[in-house]
Structures are given as C-alpha cells and as structure tokens.
Amino acid sequence: MILQSQSQSATLRPITTAHLAQTMTLMSLTALELHQKVEAELASNPALELIEDHFCPSCHRPLPYSGPCPICSRPQGLSTEEPIVFVSSREDFYTSRGKLQPDDLPDDEIGAVVDDLPTYVLRQIAPELHPDDRQIAAHILTSLNEDGLLEIPIIEIARYHHVLPSRILEVLRLIQRAEPVGVGSPSPQEAMLVQLEVLAEHRPIPPLTAQAVQEGLDLLSRHQYLELGRRLGITTAKARQVAQFISDNLNPYPGRAHWGDIHQATEPTQDRYHTPDVIISRLNDTPGSPLVVEVISPLIGKLRINPLFRQSLSQAPSDKMEEWQKHLEQAQLLIKCIQQRDNTIVRLMQRLAVLQRKFILAGDAHLEPITRASLARELEVHESTVSRAVSNKAVQLPRGRIIPLSKFFDRSLHIRTALREIIAQENKPLTDTQLAKMLKKKGHPIARRTVAKYRAMEGILPAHLRTHTRSSAPAPTSIEVR
DNA sequence: CTATGGCACGGATT
DNA sequence: AATCCGTGCCATAG
C-alpha cells in the first residue's frame with residue numbers, strides 16, 4: 001500500500017476542501033486552544049449545541065460521550081501490556097477552582113478529578129510544616145493566581161498574620177520546592193530559578209542558564225537567540241542550547257502544569273506546552289500494569305446539532321435561509337472534524353504508548369528512536385497529519401513530568417542519556433574520542449564530533465574542565481549570579 | 001600535538 | 001520547500 005492521503009479514518013472521508021483545511025487546522029491545535037475555538041463557535045453558531053451531562057455511570061468521570069469509561073468497563077484484575085486509550089473530559093482544566101480543604105485530603109485514585117493545586121501542594125509540605133505555619137501556607141496557596149504565581153506582596157501576608165516577613169519566606173521556600181516546583185514564586189523568573197536550583201541537585205545544568213533566565217527572559221520568549229548570545233557573551237549556537245534546555249526543563253507558570261488554565265494567547269510566541277493534551281498514568285502499581293492514556297477532550301460534554309434548529313430550518317424566513325444553511329454546514333463540519341481529530345490522536349497515542357512503553361515508564365534511556373514518517377505509515381495517515389498532531393502538544397507522564405509530545409520522536413535522546421551515564425560513572429574525565437569509543441561499544445556508533453554536540457546539549461563541560469569530584473558539586477558556575 | 005568548538009555541507013525529516 | 005541533524009574539515013586553545 002502506498003501512501004494515499006485520505007484514509008485517515010474509515011468512517012469519515014473528507015468531502016470538501018473546507019473539510020480538509022479545517023481538519024488540518026484543528027489537528028495542530030492544543031486541547032486548550034480548541035476549547036476556546038469551540039466556545040467561540042458555540043456562542044456564534046445557533047446550530048451547534050453542547051450536551052453536558054455525560055458521566056461514566058460508575059466512576060462519575062466526565063466524558064465527551066455517554067456510557068461507561070474504558071477503565072470502568074474493563075474487566076478488573078487483568079494486566080496487559082495493551083494500553084487503555086480514550087478521550088477524556090477534564091472539566092477542571094477549563095474552569096478555575098480554588099477552595100482549599102486542609103483536612104480531609106482525599107486519596108488520589110486514578111481517574112478521579114485531580115486535586116486542587118493548593119490542596120496538592122499542602123499535602124506535600126504538611127510533614128515539614130510547623131503546625132503554626134499552616135495558616136500562612138494556606139493563605140499563600142489560596143492567593144495564587146491561575147499560573148501558580150503569588151501576586152500579593154509578602155509584606156501584606158506578614159502583616160495579616162502579625163509575623164516577620166522572614167517567617168513567610170521560610171514557608172514560601174517550602175512551597176516553592178514542592179511539586180510543581182516553583183509554585184508560589186512572585187514572578188516567572190523566580191519560579192524558573194527555583195526549578196533550576198532543584199534540578200541542579202540531580203543533573204548538570206548548562207552554564208549561564210540562570211543568567212539567561214534572569215537577564216534574558218524577554219529575549220528567550222521571543223526566540224531571539226542572537227541577541228541573547230550577545231547579552232551573555234556566548235555564541236548564538238550556545239544561546240540556542242541554553243534556550244532549548246530552558247524550554248525543555250523549566251516552566252514559567254508552575255500552576256499550569258497541574259491544572260491548566262485558559263490563558264488567552266496574549267503571548268503569541270510564548271512556549272506553551274505546559275498544559276498537557278494527553279495524560280498517561282498507570283492503572284495500578286503492579287509491574288505489568290497497563291498504561292492509561294487520556295486524550296484530553298476540548299469539550300466537557302458532547303457536541304451535536306441542535307435538533308430545534310434543524311426543525312426550524314424548514315420554516316426559515318427566506319431571507320435568512322442561506323445564512324442558516326451555512327450555520328448548519330459549519331456546525332456539521334466542526335463536529336466531524338473534531339471527531340476525526342480525536343480519532344486520529346487516539347490511534348496515534350495507542351501506537352505510541354505501545355512503542356514507547358519503556359520510555360514512558362523507565363525514562364529517557366529507553367526512548368525508541370522512531371520517526372513521524374514511520375508512524376504515519378503504520379497508521380496509514382499522511383506524514384503531515386502526524387506532524388500536526390504531534391506539534392505543540394504536551395504529554396504528562398506517570399511520574400508527573402510534562403514533556404512535549406515531540407520528545408517521543410527524539411532521534412538522539414537515548415544516546416545522549418547513555419552518554420550522560422558514562423560520564424556520570426567515569427573516574428577521570430574522558431575525551432570526546434574516548435567517549436565515542438565507549439558509545440560504539442554500547443551500540444551507538446556516532447562520530448567524535450557528534451559526541452561533542454551531544455555533550456553540549458546536555459550541558460556537560462569538555463573533559464579538561466571536568467574536575468571530576470565524584471558525583472557532587474554540579475558546576476557552581478551555573479548558579480552563579482553575575 | 002591533541003582536544004574542542006565553529007562553520008558549512010548533504011542527506012534525512014518534517 | 002524548509003528545517004534539522006550528523007559529520008568532516010579547519011582554526012584555535014591548551
């Protein structure tokens with residue numbers, strides 16, 4: 001079978017060019033973006049209707065379709081390697097909620113609505129928190145904005161509780177270092193710096209990263225690497241690497257990682273793969289447990305054509321006839337396209353979850369280097385469809401990490417991880433040539449020059465600058481300020 | 001002389 | 001068609 005463009009889904013064939021165009025656009029949209037689009041469409045198109053009451057009868061999970069959710073309908077106890085993939089509505093992704101119940105913390109079970117951000121954080125820090133400070137923590141946590149940042153001044157909190165600001169800062173520090181790292185910071189910058197600090201305890205950080213965050217955040221978000229490089233006194237390529245590292249590992253809006261929010265696209269170029277479009281978790285903790293893949297639906301209920309509208313169409317006043325007809329067509333189109341989008345993404349994730357199971361569960365080292373093209377062939381869709389479906393989307397992994405979906409297609413990540421491991425275990429600094437040999441032995445034949453590149457990507461210094469003091473002091477230069 | 005980083009080219013990928 | 005990525009060659013630093 002050679003690639004034919006339109007066997008995307010057996011049930012739905014593109015009928016018009018408009019259909020094609022629309023499918024293409026929708027495919028590349030984030031769940032959040034599509035949600036906004038649908039809202040707008042609902043408001044302006046009378047032919048469209050949203051039925052909100054779809055819940056799984058047994059677990060009450062909101063679904064974009066009626067009937068039981070795949071998790072509940074699934075015979076319990078069995079464990080398969082087959083992932084469970086389905087479209088899921090996460091109401092809390094689109095509506096801000098903010099109450100805090102310090103006591104009575106419900107245990108999270110898979111499929112239950114996720115915690116409030118405040119509750120979630122409070123639970124983490126509770127053991128370390130002095131009971132007297134609980135009020136303060138609660139105060140801070142309930143004052144966060146949608147991004148997880150603290151907008152009210154610390155002085156104010158201190159005054160309210162009649163304590164010194166330093167005490168507030170202590171509590172705040174605890175909060176900031178809890179997951180999602182950086183919450184409660186007064187600014188995106190500080191949030192990222194805290195994340196950097198925490199990250200540095202485990203991984204090497206490219207030099208100057210902290211400076212880039214402090215001094216060049218404006219440039220960073222605009223992707224002006226050239227200027228960034230100049231400001232930091234490094235080459236553009238290096239600036240690019242730093243930027244890459246930052247956008248991969250740091251999150252300026254820690255709050256969005258866990259509950260997301262409709263944040264208008266006021267910052268057009270801002271990286272925004274921070275609200276997951278897909279959430280992968282595990283059904284239970286047994287080793288062979290299947291993966292549960294939730295494709296976040298842009299809808300809270302089910303979209304359909306308003307039957308009343310359809311009825312009244314026949315009696316439409318003649319001058320409105322054409323307009324109404326148009327509404328109807330547009331509505332039908334949108335519904336179909338969304339179905340097709342969901343369908344494609346589900347199939348895509350189904351396959352990905354199988355291929356990258358090890359990666360999802362065990363981490364970077366087990367990433368299978370696959371290409372979008374190969375996947376497109378398997379799914380019998382056009383390459384560009386896969387591209388669109390992958391771009392701009394974020395996946396939340398079982399351990400809570402949120403990564404861009406495109407990472408599933410990283411061609412060199414597993415080698416870079418192997419490289420990192422070798423260097424972590426080395427006794428005396430190995431040169432790139434030696435590293436290349438080591439990698440070849442492990443089945444990764446790459447050129448010496450490429451080793452250098454990977455090393456740089458990982459932010460690892462060249463051999464002569466690596467005074468290997470055995471797994472400690474991760475480059476103090478990186479945190480240095482000015 | 002050796003180890004690395006910069007630049008640029010060609011093939012693969014998107 | 002545009003972009004990304006691995007590599008080779010060469011200059012430079014150590």
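In what follows, every heavy atom counts, from backbone to side chain, and hydrogens, waters and symmetry copies are set aside. To find a chain, count down the sequence lines: A is the first, B the second, and so on, and within it residues start at 1. Keep in mind that this is a model prediction, so the values were computed, not measured.
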Peer 1: Atom NE2 of A:His444 to atom P of C:dT7: distance rounded to whole Å?
Peer 2: 13 Å
Peer 1: At a cut-off of 3.5 Å, list every protein nitrogen or oxygen paired with a nitrogen or oxygen from nucleotides 10-14 of chain B, distance to 0.1 Å.
Peer 2:
unit_1, atom_1, unit_2, atom_2, d
B:dT14, OP1, A:Arg372, NH1, 2.9
B:dT14, OP2, A:Arg372, N, 3.3

Peer 1: Within the sub-3.5 Å range, which N or O atoms of nucleotides 11-14 of chain C have a protein N or O partner, and how far apart are they?
Peer 2:
none

Peer 1: Answer yes or no: does atom CE of A:Met438 have more than 12 heavy-atom neighbours from other residues, nucleotides or ligands under 6.0 Å?
Peer 2: no
Peer 1: Please determine whether a side-chain nitrogen of the Lys or Arg among A:Arg377 and A:Glu383 lies less than 4.0 Å from a carboxylate oxygen of the Asp or Glu.
Peer 2: no
Peer 1: Between A:Leu26 and A:Gln340, is the side chain to side chain contact (heavy atoms under 4.5 Å, CB included) condition met? List the steps.
Peer 2: CA-CA 9 Å; A:Leu26 293 196; A:Gln340 189 168 83; over 6 Å; no
Peer 1: Give, for atom CD of A:Glu368 and atom CZ of A:Phe359, the distance between the pair rounded to the nearest 0.5 Å.
Peer 2: 11.5 Å
Peer 1: Answer with yes or no whether the side chains of A:Thr431 and A:Gln434 bring together a donor and an acceptor at under 3.5 Å.
Peer 2: yes
Peer 1: Give a yes or no on whether the backbone of A:Ile460 and the side-chain of A:Arg455 come within a donor-acceptor separation of less than 3.5 Å.
Peer 2: yes
Peer 1: Hey, are A:Ser185 and A:Glu190 close enough side-chain-wise for a donor-acceptor pair under 3.5 Å?
Peer 2: no
Peer 1: Measure the distance from CD1 on A:Ile415 to P on C:dT7 and round it to the nearest whole Å.
Peer 2: 8 Å
Peer 1: CG of A:Leu435 versus P of B:dG5: gap in Å, rounded?
Peer 2: 12 Å
Peer 1: Run A:Leu379 and A:Arg351 through side chain to side chain contact (heavy atoms under 4.5 Å, CB included) and show every step you take.
Peer 2: CA-CA 8 Å; A:Leu379 296 181; A:Arg351 190 67 192 131; 4.2 Å; yes
Peer 1: Tell me the interatomic distance from A:Ile446, atom CD1, to C:dT7, atom P, rounded to whole angstroms.
Peer 2: 7 Å
Peer 1: Can you check side chain to side chain contact (heavy atoms under 4.5 Å, CB included) on A:Arg357 and A:Leu291, steps first, answer last?
Peer 2: CA-CA 8 Å; A:Arg357 183 170 210 274; A:Leu291 293 172; 4.1 Å; yes
Peer 1: Walk me through whether A:Arg420 and A:Thr417 qualify under side chain to side chain contact (heavy atoms under 4.5 Å, CB included).
Peer 2: CA-CA 5 Å; A:Arg420 228 189 292 141; A:Thr417 314; 4.3 Å; yes
Peer 1: Output yes when A:Asp364 and A:Arg416 qualify as a salt bridge under the 4.0 Å nitrogen-oxygen rule, no when they do not.
Peer 2: no
Peer 1: Would you jot down, in residue-number order, the residues of residues 448-456 of chain A having a non-hydrogen atom under 4.0 Å from DNA chain C?
Peer 2: A:Arg449, A:Thr450, A:Lys453, A:Tyr454
Peer 1: Using a heavy-atom cut-off of 4.0 Å across all strands, would you classify A:Ser384 as base, sugar-phosphate, or nothing?
Peer 2: nothing
